[in-house]
Amino acid sequence: MIALKRILVTTDFSEASEAALRYGRALAEAFGASLDILHVMEDPFVYAPTSEGYLPPPQFFEEMETKTRERLEQILPPADREKFHARLSIKKGSPFVEITRYAKSNDIDLIVMGTHGRGPIAHMLM
């Protein structure tokens, strides 16, 4: 039998991420697992075509992280955080790198993430 002890749900606060959280919660409840919820903040200036030579004010990233933390706390009520022994985390960097790094370093058994809802042709082309 499969034993899931820690489930990671990644979120970008989209509708697809909300669906992933519903699945993650249901799985955590069914298996008696704990929930980790992770949001990866990408630097918005890394890929911006006009970002060369531009440095945002120092408080920009602090404010961005504060707002992200508030949104993260809103998606799982305190009672559910306690029920699922939830850990809410924010990492900075490339999502696929940070998600896999987090999963490896925290002994995650299952990663649940949303999809953009592409059709079969789009999936095939990707």
Side-chain angles (χ1 to χ4, degrees):
M1 173 146 182
I2 295 173
L4 300 177
K5 295 179 184 159
R6 289 188 73 179
I7 297 171
L8 171 61
V9 178
T10 62
T11 184
D12 61 2
F13 307 111
S14 66
E15 286 184 34
S17 291
E18 290 174 17
L21 181 58
R22 286 192 298 274
Y23 279 103
R25 288 170 64 170
L27 287 164
E29 191 154 8
F31 285 92
S34 64
L35 268 181
D36 288 60
I37 301 174
L38 173 66
H39 175 78
V40 179
M41 291 182 2
E42 287 186 275
D43 184 339
F45 300 103
V46 169
Y47 303 110
T50 60
S51 66
E52 288 184 28
Y54 175 73
L55 291 174
Q59 68 274 17
F60 175 82
F61 290 105
E62 291 173 20
E63 290 174 10
M64 194 167 129
E65 188 167 351
T66 299
K67 290 190 184 309
T68 300
R69 171 75 51 199
E70 290 169 0
R71 288 185 76 186
L72 203 54
E73 290 174 354
Q74 291 172 357
I75 64 172
L76 194 65
D80 283 351
R81 278 187 252 153
E82 187 175 323
K83 175 182 178 181
F84 296 116
H85 307 284
R87 294 168 193 85
L88 308 178
S89 300
I90 299 171
K91 298 291 180 186
K92 294 176 187 153
S94 173
F96 81 91
V97 171
E98 295 305 322
I99 291 167
T100 54
R101 183 179 293 153
Y102 185 93
K104 285 179 183 179
S105 66
N106 289 283
D107 296 320
I108 298 297
D109 299 306
L110 178 70
I111 301 172
V112 181
M113 60 179 60
T115 179
H116 291 290
R118 294 182 186 97
I121 301 296
H123 275 290
M124 183 178 69
L125 294 173
M126 293 301 282

Flag yes if [X] and [Y] sit in one hydrophobic cluster, no otherwise; membership is Ile, Leu, Val, Met, Phe, Trp, Tyr, and two members link when side-chain heavy atoms are under 4.5 Å apart.
{"X": "Leu38", "Y": "Ile108", "answer": "yes"}
{"X": "Val112", "Y": "Leu35", "answer": "yes"}
{"X": "Ile90", "Y": "Tyr102", "answer": "no"}
{"X": "Leu21", "Y": "Leu8", "answer": "no"}

Trace of the side chain to side chain contact (heavy atoms under 4.5 Å, CB included) decision for Met113 with Ile99: CA-CA 10 Å; Met113 60 179 60; Ile99 291 167; 4.2 Å; yes

NZ/NE/NH1/NH2 to OD/OE distance under 4.0 Å, Glu29 and Lys83: yes

NZ/NE/NH1/NH2 to OD/OE distance under 4.0 Å, Arg87 and Asp36: yes

Step-by-step side chain to side chain contact (heavy atoms under 4.5 Å, CB included) determination, Ile75 to Ile37: CA-CA 10 Å; Ile75 64 172; Ile37 301 174; 3.8 Å; yes

Stepwise salt bridge (Lys or Arg N to Asp or Glu O under 4.0 Å) test for Glu98 and Arg101: CA-CA 5 Å; Glu98 295 305 322; Arg101 183 179 293 153; 2.9 Å; yes

Could you tell me which non-hydrogen atom of [X] sits nearest to which non-hydrogen atom of [Y], and how far apart they are?
{"X": "Ser17", "Y": "Asp12", "result": "OG-OD1, 2.7 Å"}
{"X": "Ser89", "Y": "Leu72", "result": "O-CD2, 3.5 Å"}
{"X": "Thr68", "Y": "Phe13", "result": "O-CZ, 3.9 Å"}
{"X": "Glu42", "Y": "Met64", "result": "O-CE, 3.6 Å"}
{"X": "Ile111", "Y": "Ala103", "result": "CD1-CB, 3.8 Å"}
{"X": "Ile7", "Y": "Ala33", "result": "CD1-CB, 3.9 Å"}

Atom CD of Gln59 with >12 non-hydrogen neighbours under 6.0 angstrom: yes

Atom OH of Tyr23: over 12 foreign heavy atoms under 6.0 Å: no

